[in-house]
Peer 1: 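After the structure tokens below, expect a handful of questions from me.
We name chains A, B, ... by the order of the sequence lines, and we start the count at 1 in each one.
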Amino acid sequence: MSVQKPSIPQGTRDFGPAVVARRNYIFGVIRRVFEKFGYAPLETPTMENLSVLTGKYGEEGDQLLFKVLNSGDFLNKKNAAVTTEDLEAGSKKILPKIAEKGLRYDLTVPFARYVVMNRGTLTFPFKRYQIQPVWRADRPQRGRYREFYQCDADVVGTDSLLCEAEIVLMMSEVLNTLGLTEHTIKINHRDVLSGVRFAAGEDPSKESEFFVVLDKLDKIGSEGVKQELKERGFHNFGFQWLEYLLRTHDGNKRMSSSERLKYVSFMFEDIMSDSNAEVVGSKGIRELEGVFRILKDFGFTQFDQLEFDPTLARGLSYYTGCIFEIKINNVNMGSVSGGGRYDNLTGAFGLPGVSGVGFSFGVDRLYDCLEELNLFPEAVATTTRCLIASFDAETARLMLPVLRQLREAGIPSELYPDEAKLGKQFKYADAKGIPYVLLQGPEERAAGQFKLKELSTGQEQLLNWDAVLAELTK
RNA sequence: GUAGAUAUAGCUCAGCUGGUUAGAGCGUCGGAUUGUGAUUCCGAAGGUCGUGGGUUCGAGCCCCAUUAUUUACCCCA
């Protein structure tokens with residue numbers, strides 16, 4: 001049998017001890033903030049039934065779902081799950097017969113499914129957080145993986161804008177705790193987008209596509225937006241609305257968020273001929289103003305990190321209210337967090353009229369940002385505090401009670417398992433970042449003492465047992 | 001799905017216009033030092049040059065195909 005080079009699937013990664021330690025640091029910060037805000041943990045299965053997942057993420061999302069092949073021989077003539085006619089009809093026809101399960105694509109949809117299934121036992125408003133990996137059959141590239149962790153916090157069962165305000169508070173606290181102070185929390189409202197679409201006089205049926213182009217204003221500029229709208233077959237070329245939006249994005253005369261809110265509100269009054277249209281846009285503005293007011297009353301001060309952006313468009317297939325996104329300004333990386341309010345998500349599972357709002361951190365991207373900015377605190381890859389070195393099998397045996405006593409004293413410790421030269425054992429401790437090496441040779445034993453070396457200073461001390469414990473626990 | 005880049009030792013990479021036996025640093029192992037790491041000195045091991053074909057007297061280098069990785073677009077955390 002030929003030896004094959006081992007490999008892992010595209011877009012997946014191994015995490016070594018040092019990386020896990022740093023990832024856990026990020027998870028810890030996020031978890032503490034979520035719990036401080038009263039969210040309770042939830043975990044759902046890695047696999048969901050495909051019927052739960054399909055149709056929730058738009059057409060493109062369906063293609064990015066990892067499907068799990070059914071067990072059993074579905075081509076077997078007796079069972080005949082797949083018939084000859086199916087095979088001739090093509091893969092679309094066969095798929096539902098050979099794959100009934102799929103890997104989790106995000107945490108929001110499984111959460112909605114959970115809420116519907118457990119509606120009788122939950123206390124509403126229900127606040128949950130969830131930290132688990134999700135999978136997308138995407139092309140990997142910078143900051144994009146096929147397996148990655150999301151950290152979600154969502155509330156269902158209340159329309160209160162307090163939830164939106166608390167999302168901003170949680171986002172801000174996590175990022176500032178991690179040291180990512182150069183960030184912008186962008187906020188918009190689905191109704192503001194709809195208002196802009198009305199103002200542009202475009203057809204509601206192509207709304208999502210219109211928003212996708214609008215979202216690129218920062219990236220491709222107003223000329224780019226005009227051109228792409230034409231290419232995509234939009235026909236109204238009165239660009240008065242675009243002039244308005246450009247003013248809010250003028251880099252030289254940066255507007256504050258409250259100025260922008262007033263300005264966009266004025267735009268709706270100015271352009272709208274249809275009064276219903278104005279109502280939609282203005283409703284979005286009023287809700288955003290409500291969120292800003294709650295933040296102010298709460299005592300939130302970092303309004304320089306919070307920005308109302310009327311072109312921000314995310315999660316178009318299900319967000320219906322506020323929309324959030326976080327950009328780290330001094331790193332070239334996609335958004336590290338996103339979220340919003342969705343009125344109809346549980347409706348897809350037969351429970352209409354329950355509003356939810358939530359958001360998600362992408363841990364892997366946060367990690368990449370912290371790495372690039374050198375913001376990780378000095379990580380201790382090894383938890384071991386003391387290595388017991390030995391000279392031979394006999395002294396190793398005599399050190400076993402010492403090992404036990406160290407551990408009983410709560411000092412993480414290990415005994416070098418092989419007979420090896422002291423040099424090799426010290427090298428091992430150094431490579432693993434173990435701060436102390438303890439040894440007791442015939443000389444020390446005769447004197448009832450131990451030799452303890454601190455590797456960072458190179459200092460060696462001859463100590464009795466109590467002094468060893470005192471040094472290691474200090 | 002569309003377009004580009006890369007592939008040489010465990011890792012990071014050199015390798016000239018195609019020319020004898022493919023190199024360095026780091027790491028590993030051994031020794032200087034049979035009771036001491038990080039530092040110093042000496043030495044050694046480690047390669048079907050991603051894979052398959054072609055051109056050539058001769059290919060790590062040129063051509064074609066293929067696979068993997070990676071970047072950008074689309075979309076997204």
Side-chain angles (χ1 to χ4, degrees), chain A residues 2-13 16 26 30 57-64 104-108 131-152 171 208-209 211-213 215-216 219-220 224 228 231-232 313-317 324-328 332-340 358-369 387 389-392 395 416 419-445 451-460 462:
Chain A
S2 69
V3 180
Q4 59 170 2
K5 255 191 188 168
S7 61
I8 56 175
Q10 187 182 45
T12 64
R13 294 147 303 152
I26 300 175
I30 293 173
Y57 310 104
E59 201 175 311
E60 235 172 294
D62 285 352
Q63 295 194 326
L64 297 180
R104 193 167 50 220
Y105 179 89
D106 73 355
L107 301 178
T108 311
I131 300 179
Q132 290 188 279
V134 301
W135 293 267
R136 295 184 188 177
D138 217 344
R139 274 269 159 90
Q141 53 185 274
R142 181 183 172 83
R144 176 177 298 186
Y145 308 98
R146 288 186 145 182
E147 176 183 57
F148 61 98
Y149 271 74
Q150 289 195 329
C151 305
D152 268 46
M171 286 176 159
S208 288
E209 196 177 345
F211 296 157
V212 166
V213 181
D215 185 63
K216 296 184 187 175
K219 212 171 183 177
I220 61 180
E228 189 162 339
E231 281 168 9
R232 285 176 183 252
R314 274 314 106 93
L316 296 168
S317 50
F324 303 95
E325 180 172 279
I326 299 177
K327 189 88 184 74
I328 306 299
N332 175 24
M333 178 74 60
S335 72
V336 296
S337 177
F359 74 110
S360 177
F361 282 111
V363 173
D364 305 81
R365 285 188 178 174
L366 284 174
Y367 184 98
D368 292 343
C369 289
L387 176 76
S390 61
F391 297 90
D392 49 40
T395 58
Y416 195 84
E419 271 192 69
K421 287 187 190 173
L422 277 185
K424 185 159 179 146
Q425 301 184 56
F426 273 88
K427 234 176 194 171
Y428 172 82
D430 184 55
K432 274 188 77 169
I434 299 172
Y436 288 95
V437 175
L438 180 74
L439 49 86
Q440 188 182 46
E443 297 165 28
E444 289 87 358
R445 189 171 310 111
K451 194 167 264 186
L452 185 66
K453 180 161 181 173
E454 186 177 2
L455 267 61
S456 61
T457 59
Q459 207 172 46
E460 257 181 5
L462 205 57

Peer 1: Would you check if the side chain of A/Thr395 reaches a backbone N or O of A/Phe391 as a donor-acceptor pair within less than 3.5 Å?
Peer 2: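 Side chain of A/Thr395 to backbone of A/Phe391, a donor-acceptor pair under 3.5 Å: yes, one is there.
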Peer 1: Nearest whole angstrom, please: distance from the P of B/rG37 to the OH of A/Tyr428.
Peer 2: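 The distance from OH of A/Tyr428 to P of B/rG37 comes to 17 Å, rounded to the nearest Å.
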Peer 1: Distance criterion of 3.5 Å, no angle test: do you see the side chain of A/Glu444 paired donor-to-acceptor with the base of B/rG35?
Peer 2: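 Check passes, donor-acceptor contact within cut-off.
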Peer 1: How far does the P atom of B/rU6 sit from the matching atom of B/rG15, given to the nearest Å?
Peer 2: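 My reading of the P atoms in B/rU6 and B/rG15 gives 13 Å.
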Peer 1: Report the C-alpha separation of A/Asp106 and A/Arg136 in whole Å, then their side-chain angles, then the decisive distance to 0.1 Å, and conclude whether the salt bridge (charged side-chain N to carboxylate O under 4.0 Å, His left out) test is met.
Peer 2: CA-CA 9 Å; A/Asp106 73 355; A/Arg136 295 184 188 177; 5.3 Å; no
Peer 1: Over how many whole Å does the gap from A/Lys427 atom NZ to B/rU33 atom C1' extend?
Peer 2: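 It works out to 12 Å between those atoms.
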Peer 1: Which nucleotide wins on minimum distance to the side chain of A/Arg314, given the candidates B/rC29, B/rC76, B/rG37?
Peer 2: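 Among the listed nucleotides, the one closest to the side chain of A/Arg314 is B/rC76.
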Peer 1: Think A/Gln425 has a side-chain N or O under 4.0 angstrom from the OP1 or OP2 of B/rG37?
Peer 2: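 No, outside the criterion.
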Peer 1: Sticking with atom C1', work out how far B/rG31 lies from B/rU71, rounded to a whole angstrom.
Peer 2: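 Those two atoms are separated by 47 Å.
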Peer 1: On RNA chain B, check which nucleotide each of A/Glu228 and A/Arg146 is closest to and give me the residue with the more 5' one.
Peer 2: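 That would be A/Glu228.
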Peer 1: Quick one: A/Arg142 CZ to B/rC73 C1', roughly how many Å, whole number?
Peer 2: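 My rounded result for the distance is 16 Å.
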Peer 1: Checking contacts here: which listed nucleotide (B/rA77, B/rU71, B/rU36) is nearest the side-chain heavy atoms of A/Arg144?
Peer 2: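 So the side chain of A/Arg144 is nearest to B/rA77.
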Peer 1: Should A/Leu107 and A/Ser360 count as side-chain neighbours, where that means a heavy-atom distance under 4.5 Å?
Peer 2: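 Contact flag for A/Leu107/A/Ser360 side chains = no.
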Peer 1: Say we look at B/rU66 and B/rG23: how far apart would their C1' atoms be, to the nearest angstrom?
Peer 2: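 Comparing C1' positions in B/rU66 and B/rG23 gives a spacing of 29 Å.
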Peer 1: May I have the distance from A/Gln141 (atom CD) to B/rG1 (atom P), rounded to whole angstrom?
Peer 2: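 These atoms are roughly 15 Å apart.
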Peer 1: Closest to the A/Arg365 side chain: B/rG35, B/rG31, B/rC76?
Peer 2: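 Looking only at side-chain atoms, A/Arg365 lies closest to B/rC76.
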Peer 1: Mind checking the P distance from B/rU48 to B/rG10? Whole angstroms is fine.
Peer 2: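 About 8 Å, rounded to a whole number of Å.
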Peer 1: Quick one: does any side-chain atom of A/Gln425 pair with a main-chain N or O of A/Ala420 as donor and acceptor, under 3.5 Å?
Peer 2: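 Indeed, once roles are kept as given, a pair shorter than 3.5 Å links the two residues.
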Peer 1: Scan A/Gly423 against the nucleic acid and name what it touches under 4.0 Å (heavy atoms): base, sugar-phosphate only, or nothing.
Peer 2: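 If one applies the 4.0 Å heavy-atom cut-off, A/Gly423 turns out to touch the sugar-phosphate alone, with no base involved.
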Peer 1: Select one nucleotide: of B/rC75, B/rU36, B/rG31, the one nearest the side-chain heavy atoms of A/Arg232.
Peer 2: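 So the nucleotide nearest the side chain must be B/rC75.
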Peer 1: When the P atoms of B/rC61 and B/rU8 are compared, how many Å lie between them, rounded to an integer?
Peer 2: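 Taking atom P in both B/rU8 and B/rC61, they lie 13 Å apart.
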Peer 1: For A/Pro140 and for A/Ser337, locate the closest nucleotide of RNA chain B by heavy-atom distance; then report the residue assigned to the nucleotide nearer the 5' terminus.
Peer 2: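 Its nearest nucleotide being more 5', the pick is A/Pro140.
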Peer 1: Indicate the ring-plane relationship of A/Tyr57 and A/Tyr105, choosing parallel, tilted or perpendicular according to the 30° and 60° boundaries.
Peer 2: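 Taking A/Tyr105 first and then A/Tyr57, their aromatic rings sit tilted (interplane angle of 30° to 60°).
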Peer 1: Can A/Phe361 be said to stack with the base of B/rA77, given centres closer than 5.5 angstrom and planes under 30 degrees apart?
Peer 2: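 Base of B/rA77: not stacked against A/Phe361.
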Peer 1: Distance between the P atoms of B/rA7 and B/rA45, in whole angstroms?
Peer 2: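 Straight-line distance between the two P atoms is 28 Å.
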Peer 1: Using the C1' atom on both, measure B/rU39 against B/rG46 and round to a whole Å.
Peer 2: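 Pairwise C1' distance, B/rU39 against B/rG46, rounds to 26 Å.
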Peer 1: Distance between the P atoms of B/rU2 and B/rU12, in whole angstroms?
Peer 2: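 Comparing P positions in B/rU2 and B/rU12 gives a spacing of 30 Å.
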Peer 1: Looking only at side-chain atoms of A/Asp430, point me to the closest of B/rU36, B/rA38, B/rA77.
Peer 2: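 The listed nucleotide nearest to A/Asp430's side chain is B/rA38.
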Peer 1: Does any donor-acceptor pair link the side chain of A/Arg139 with the base of B/rU2 at a separation under 3.5 Å?
Peer 2: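 Under the 3.5 Å cut-off, the side chain and the base do form a donor-acceptor pair.
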Peer 1: Taking the side chain as C-beta and beyond, is there a heavy-atom pair between A/Trp135 and A/Arg146 under 4.5 Å?
Peer 2: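 Of all side-chain heavy-atom pairs linking A/Arg146 with A/Trp135, none is under 4.5 Å.
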